[in-house]
Asks: 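Could you have a look at this structure, given as structure tokens, before my questions?
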Amino acid sequence: MHISNKCSIAVHCLIFINEYGKNKKVTSELLSLSTGCNPVTIRNIISAMKKDGIIDVKFGTGGATLAVPLEEISLYRICSAVDPKAIAKMISVHSSPSPFCPVGRNIGSVLEHTYGLLKTDVISSMKSLTMDKIVMDYHTMLESEI
């Protein structure tokens with residue numbers, strides 16, 4: 001299992017916006033330099049987070065700022081905004097089991113309940129992890145560098 005790269009890039013962007021957005025115009029080009037990602041990828045992620053109401057972007061001149069407090073931005077909200085199929089991709093049954101094999105023919109139904117429980121647990125955990133906690137972890141890491 002893994003969380004989509006889009007989700008980690010979005011978290012990176014949100015930390016950067018939180019840290020520098022009050023004093024600096026945070027643009028896709030600046031975020032691109034920090035993340036090491038193509039500016040187009042950053043613009044797509046920023047657009048998705050803007051659409052979800054996580055951030056605001058100034059029309060014309062650009063510059064992203066947080067639209068809501070950090071404690072209202074959960075990892076689940078971020079991932080759902082930038083990659084709506086993130087959970088389904090993270091927890092899914094392989095797509096082409098053999099219909100001629102008893103196991104292959106039934107594996108989807110067998111795992112449906114188990115994977116449903118797993119998805120519920122993952123979503124619950126992701127909802128409990130908020131950007132205020134992630135930013136605190138970031139600050140702890142900065143302090144340990146000193």
Side-chain angles (χ1 to χ4, degrees), residues 1-21 26-60 62-145:
M1 280 195 306
H2 76 280
I3 293 180
S4 164
N5 286 343
K6 289 180 185 178
C7 297
S8 61
I9 295 166
V11 169
H12 183 135
C13 291
L14 289 170
I15 293 172
F16 192 96
I17 292 166
N18 181 70
E19 297 298 305
Y20 302 107
V26 179
T27 64
S28 58
E29 288 77 19
L30 189 56
L31 290 168
S32 174
L33 291 171
S34 179
T35 61
C37 296
N38 185 303
V40 173
T41 300
I42 298 299
R43 282 191 284 277
N44 290 336
I45 289 170
I46 293 297
S47 176
M49 289 195 293
K50 180 182 180 208
K51 184 178 178 183
D52 188 81
I54 296 171
I55 61 170
D56 288 321
V57 179
K58 292 180 186 168
F59 183 73
T65 56
L66 296 175
V68 294
L70 292 173
E71 58 271 8
E72 292 181 23
I73 308 170
S74 71
L75 189 57
Y76 180 73
R77 182 176 179 183
I78 296 163
C79 288
S80 295
V82 300
D83 189 359
K85 296 182 180 182
I87 303 298
K89 287 190 261 183
M90 191 185 312
I91 305 168
S92 61
V93 179
H94 52 292
S95 61
S96 303
S98 172
F100 305 109
C101 170
V103 175
R105 189 171 47 245
N106 293 293
I107 194 65
S109 297
V110 168
L111 291 176
E112 186 176 314
H113 176 72
T114 301
Y115 280 9
L117 294 172
L118 183 58
K119 285 179 185 180
T120 299
D121 289 346
V122 167
I123 290 169
S124 178
S125 292
M126 290 176 76
K127 284 181 177 179
S128 74
L129 299 170
T130 55
M131 281 304 298
D132 59 325
K133 294 173 186 170
I134 295 170
V135 168
M136 280 194 304
D137 289 344
Y138 166 71
H139 288 152
T140 300
M141 292 298 291
L142 282 181
E143 290 171 12
S144 72
E145 290 180 347

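Residue numbers count from 1 along this sequence. FYI, side chains are in, hydrogens and waters are out, and symmetry mates aren't considered; it's all heavy atoms of this structure.
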Asks: Is it true that atom NZ of Lys50 has more than 12 heavy atoms of other residues, nucleotides or ligands lying nearer than 6.0 Å?
Replies: no
Asks: On a heavy-atom basis, which atom in Ala67 and which in Gly53 lie closest, and how many Å separate them?
Replies: CB-O, 3.3 Å
Asks: Are Met131 and Leu66 close enough that some pair of their side-chain heavy atoms sits under 4.5 Å apart?
Replies: no
Asks: Give, for atom CZ of Arg77 and atom OG1 of Thr130, the distance between the pair rounded to the nearest 0.5 Å.
Replies: 12.0 Å
Asks: With side chains defined as the heavy atoms from C-beta onward, is the minimum distance between Ile107 and His94 less than 4.5 Å?
Replies: yes
Asks: Identify the heavy atoms of Phe16 and Ser34 that sit nearest to each other, and give their distance.
Replies: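 That closest heavy-atom pairing would be CD1-OG, 3.6 Å.
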Asks: What are the two closest heavy atoms between Gly104 and Pro97, and how far apart are they?
Replies: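 Closest pair (atom of Gly104, atom of Pro97, distance): O-CB, 3.4 Å.
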Asks: What's the separation between atom CG in Leu33 and atom OG1 in Thr27, rounded to the nearest 0.5 Å?
Replies: 8.0 Å
Asks: How long is the span from the NE2 atom in His113 to the CG atom in Leu118, to the nearest 0.5 Å?
Replies: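 The CG atom of Leu118 is 11.5 Å from NE2 of His113, to the nearest 0.5 Å.
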Asks: Shortest non-hydrogen contact from Ala81 to Ala48?
Replies: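 Smallest heavy-atom distance, with atoms named: O-CB, 3.3 Å.
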Asks: Applying the side-chain contact (heavy atoms from CB on, under 4.5 Å) criterion to Leu14, which one of Ile73, Ile45, Ile134 satisfies it?
Replies: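 Testing each of Ile73, Ile45, Ile134 against Leu14, the sole residue satisfying side-chain contact (heavy atoms from CB on, under 4.5 Å) is Ile73.
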Asks: Rounded to the nearest 0.5 Å, how far does OG of Ser47 lie from CD1 of Ile55?
Replies: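 These two atoms lie 8.5 Å from each other.
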Asks: Does Lys133 reach the side chain of Leu70, with side-chain heavy atoms less than 4.5 Å apart?
Replies: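 A side-chain contact is absent here, since even the closest heavy-atom pair is not under 4.5 Å.
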Asks: Does Arg43 use its side chain to pair, donor to acceptor, with the backbone of Ser28 at less than 3.5 Å?
Replies: no
Asks: Can any side-chain N or O of Ser124 pair as donor or acceptor with the backbone N or O of Thr120 at less than 3.5 Å?
Replies: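 A pair under 3.5 Å: no.
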Asks: Enter the distance from Lys6:NZ to Ile42:CD1 here, rounded to the nearest 0.5 Å.
Replies: 12.0 Å
Asks: Less than 4.5 Å apart, any side-chain heavy atom of Glu72 and any of Asp132?
Replies: no
Asks: Looking at NZ of Lys119 and CD1 of Ile91, how far apart are the two atoms once the value is rounded to the nearest 0.5 Å?
Replies: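 Reported value, rounded in 0.5 Å steps: 6.5 Å.
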Asks: Counting only N and O atoms by type, is there a donor-acceptor contact under 3.5 Å from the side chain of Thr114 to the main-chain atoms of Leu111?
Replies: no
Asks: Which atom pair, heavy atoms only, marks the closest approach of Val40 to Asn38?
Replies: N-OD1, 2.7 Å
Asks: In the structure I gave you, are the side-chain heavy atoms of Val135 and Glu19 within less than 4.5 Å of one another anywhere?
Replies: yes
Asks: Mind checking whether Cys7 and Val82 have side chains closer than 4.5 Å, heavy atoms only?
Replies: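 When only atoms from C-beta onward are counted, Val82 and Cys7 do touch, with a gap below 4.5 Å.
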Asks: Would you name the heavy atoms of Cys37 and Ile9 that are closest together and state the gap between them?
Replies: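 Scanning both residues, the minimum pair turns out to be SG-CD1, 3.4 Å.
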Asks: Going by heavy atoms in the side chains, are Met90 and Val122 under 4.5 Å from each other?
Replies: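 Yes; the side chains approach each other to less than 4.5 Å.
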